[in-house]
Amino acid sequence: MQKNKLKALWEDGKPALNGWCSIGNSFTAEIMAAQGYDSVTIDIQHGALDYSSVLPMFQAMRASGATLMARVPWRDPGYIMKALDAGAMGIICPMVNSSAEAEEFVSYMRYPPYGQRSFGPTRATIAMPGYGVAANDEVLALAMIETADGVVNLEEIAATPGLDGIYVGPADLTLGTQQGRLPPGFDRQEPEMIELIRRIADVCKANDIKACLHCGTPDYAAKAIGWGYDLTTVGGDSRLLAGAAAASVTAWKNLTGRDAASEDQGGMY
């Protein structure tokens with residue numbers, strides 16, 4: 001069956017760039033996938049979409065050749081298996097807090113005897129001829145470390161057989177480990193957060209699994225690659241659209257002299 005291109009990239013010792021789709025639209029997904037990302041992830045957890053959007057988004061991105069993945073809403077076998085059946089070659093699972101939860105997640109990813117995935121890859125067999133039990137060796141199981149419990153159990157989680165990597169969500173990781181002292185967000189600059197983010201990469205390396213980090217800027221992502229991360233996500237469709245639109249509006253107002261400060265914000269027409 002079709003090989004996972006992320007695995008091939010990592011075998012060559014190269015880091016990967018992941019795109020992120022939170023807008024439930026096949027055309028938006030197609031645009032993202034056409035930009036040259038190594039992989040693209042559909043965010044079913046926090047994205048403005050549901051499964052009825054996921055399938056056409058995967059279809060629209062197929063021609064790009066990128067490895068297509070999904071972040072599921074929870075450690076739910078139904079969502080995980082259905083996303084795989086739709087053609088996901090990797091699953092990012094949020095809020096994994098223990099080795100037992102990691103083992104449970106991994107079991108949903110693979111067919112017997114290595115797991116308990118139910119057989120019925122409806123679209124996957126069309127999109128990837130030859131798809132079957134061989135998918136056990138190609139799909140990626142990425143567990144998210146986002147909580148204080150996840151950090152306490154980090155070594156045990158990373159040692160879970162069949163787990164391919166850990167995906168770090170820095171916003172929840174900050175909330176979960178700093179008791180609300182720091183606001184959520186990407187690209188952490190606090191020494192204690194940088195130390196923790198780097199520690200996760202080190203633990204992944206020690207267990208021969210991949211370290212993945214969600215970033216807000218290319219500069220921070222490049223720094224994370226230097227720390228030992230194997231995959232970085234930079235922004236996402238909604239943030240990129242908002243940022244580009246805001247920059248265009250600001251430039252226009254500056255160039256025409258119609259800046260926001262001169263606008264009458266009160267009253268009605």
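Starting from 1, each residue takes its place in the sequence as its number.
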J.: Do you see a donor-acceptor pair shorter than 3.5 Å between the side chains of E103 and T160?
T.: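 Side-chain D/A pair, E103 to T160: absent.
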
J.: Quick one: does Q35's side chain have a donor or acceptor within less than 3.5 Å of a partner on I31's backbone?
T.: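 At least one qualifying donor-acceptor pair exists.
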
J.: Assess whether side-chain contact (heavy atoms from CB on, under 4.5 Å) is satisfied between E104 and V96, documenting all intermediate values.
T.: CA-CA 10 Å; E104 186 178 48; V96 175; over 6 Å; no

J.: Taking the side chain from N4 and the backbone from V139, do they hold a donor-acceptor pair closer than 3.5 Å?
T.: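 Side chain of N4 to backbone of V139, a donor-acceptor pair under 3.5 Å: no, none is there.
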
J.: Side chain of K210, backbone of C204: donor and acceptor closer than 3.5 Å?
T.: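 No, the answer is negative, given that no donor and acceptor are paired below the 3.5 Å cut-off.
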
J.: Output, in order, the C-alpha distance, side-chain angles, deciding distance and verdict of salt bridge (Lys or Arg N to Asp or Glu O under 4.0 Å) for E155 and R199.
T.: CA-CA 10 Å; E155 282 78 7; R199 179 190 157 208; 3.1 Å; yes

J.: Would you call V40 and W20 a side-chain contact if the rule is heavy atoms closer than 4.5 Å?
T.: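 They are not in contact (no side-chain heavy atoms under 4.5 Å apart), so the answer is no.
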
J.: Any side-chain heavy-atom pair from L49 and C21 closer than 4.5 angstrom?
T.: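 No, their side chains stay 4.5 Å or more apart.
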
J.: State whether the side chain of K7 and the backbone N or O of D137 hold a donor-acceptor pair below 3.5 Å, judged by distance alone.
T.: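 At least one qualifying donor-acceptor pair exists.
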
J.: Going through the distances and angles, do T41 and N18 end up as a side chain to side chain donor-acceptor pair (under 3.5 Å)?
T.: CA-CA 7 Å; T41 299; N18 180 57; 3.2 Å; yes

J.: Closer than 3.5 angstrom, by distance alone: can the side chain of T122 be matched with the main-chain N or O of G120 as a donor-acceptor pair?
T.: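 Yes, because the side chain of T122 sits within donor-acceptor range (under 3.5 Å) of the backbone of G120.
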
J.: Salt bridge or not between R117 and D85? Use side-chain N to carboxylate O under 4.0 Å.
T.: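 Result for this pair is yes, salt bridge flagged.
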
J.: Would you confirm whether R110, through its side chain, and G162, through its main-chain N or O, come within 3.5 Å as a donor-acceptor pair?
T.: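 Yes.
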
J.: For I197, is there any backbone N or O sitting under 3.5 Å from a side-chain donor or acceptor partner on Y229?
T.: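 Yes: the side chain of Y229 pairs with the backbone of I197.
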
J.: Evaluate the ring planes of H214 and F186, with Trp represented by its six-membered ring, and classify them as parallel (under 30°), tilted (30 to 60°) or perpendicular (over 60°).
T.: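 Rings of H214 and F186: tilted, as their planes differ by 30° to 60°.
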
J.: Can you say whether the rings of F119 and Y111 are parallel (under 30°), tilted (30 to 60°) or perpendicular (over 60°)?
T.: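 Taking Y111 first and then F119, their aromatic rings sit tilted (interplane angle of 30° to 60°).
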
J.: Within the structure provided, determine whether I157 and F105 are in side-chain contact (heavy-atom separation under 4.5 Å).
T.: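 A side-chain contact is absent here, since even the closest heavy-atom pair is not under 4.5 Å.
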
J.: Please determine whether side chain to side chain donor-acceptor pair (under 3.5 Å) holds for the pair Y37 and T67, giving the CA-CA distance in whole Å, both sets of side-chain angles, and the decisive distance to 0.1 Å.
T.: CA-CA 9 Å; Y37 293 102; T67 295; over 6 Å; no

J.: Tell me, with the steps shown, if L142 and I166 meet side-chain contact (heavy atoms from CB on, under 4.5 Å).
T.: CA-CA 5 Å; L142 304 175; I166 287 175; over 6 Å; no

J.: Do W227 and Y220 have ring centroids that are under 6.0 Å from one another?
T.: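 For Y220 and W227, the ring centres are under 6.0 Å apart.
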
J.: Do we see a donor-acceptor contact under 3.5 Å between the side chains of N97 and T147?
T.: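 Yes, a side-chain donor-acceptor pair sits under 3.5 Å.
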
J.: Going by heavy atoms in the side chains, are I44 and R71 under 4.5 Å from each other?
T.: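 No; the side chains remain at least 4.5 Å from each other.
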
J.: Can you get from Y131 to I91 by hopping between Ile, Leu, Val, Met, Phe, Trp and Tyr side chains that sit under 4.5 Å apart?
T.: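 Result: yes, single cluster for both.
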
J.: Under 3.5 Å, is there a donor-acceptor pair between the side chain of N207 and the main chain of I209?
T.: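 Such a contact is absent between N207 side chain and I209 backbone.
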
J.: Do the non-hydrogen side-chain atoms of E190 and I194 ever get within less than 4.5 Å of each other?
T.: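 No, their side chains stay 4.5 Å or more apart.
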
J.: Is there a side-chain contact between V151 and L196 (heavy atoms, below 4.5 Å)?
T.: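 Of all side-chain heavy-atom pairs linking L196 with V151, at least one is under 4.5 Å.
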
J.: If only atom types and distance count, is the side chain of T177 paired as donor or acceptor with the main-chain N or O of L173 below 3.5 Å?
T.: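 Present.
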
J.: Between S248 and A245, is there a donor-acceptor pair closer than 3.5 Å when you use the side chain of the first and the backbone of the second?
T.: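 Not confirmed, S248 side chain does not pair with A245 backbone.
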
J.: Do the side chains of D230 and K205 get close enough for a salt bridge, i.e. N-O under 4.0 angstrom?
T.: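 Yes, charged N to carboxylate O under 4.0 Å.
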
J.: May I have the step-by-step check of side-chain contact (heavy atoms from CB on, under 4.5 Å) for V54 and K82, ending in yes or no?
T.: CA-CA 10 Å; V54 171; K82 202 165 181 66; over 6 Å; no

J.: Under the side-chain contact (heavy atoms from CB on, under 4.5 Å) rule, what do T28 and M57 come out as? Steps first, then yes or no, please.
T.: CA-CA 8 Å; T28 305; M57 290 170 74; over 6 Å; no

J.: Would you tell me whether T217 and D219 have side-chain atoms, one donor and one acceptor, within less than 3.5 Å of each other?
T.: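 Result is no, nothing qualifies.
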
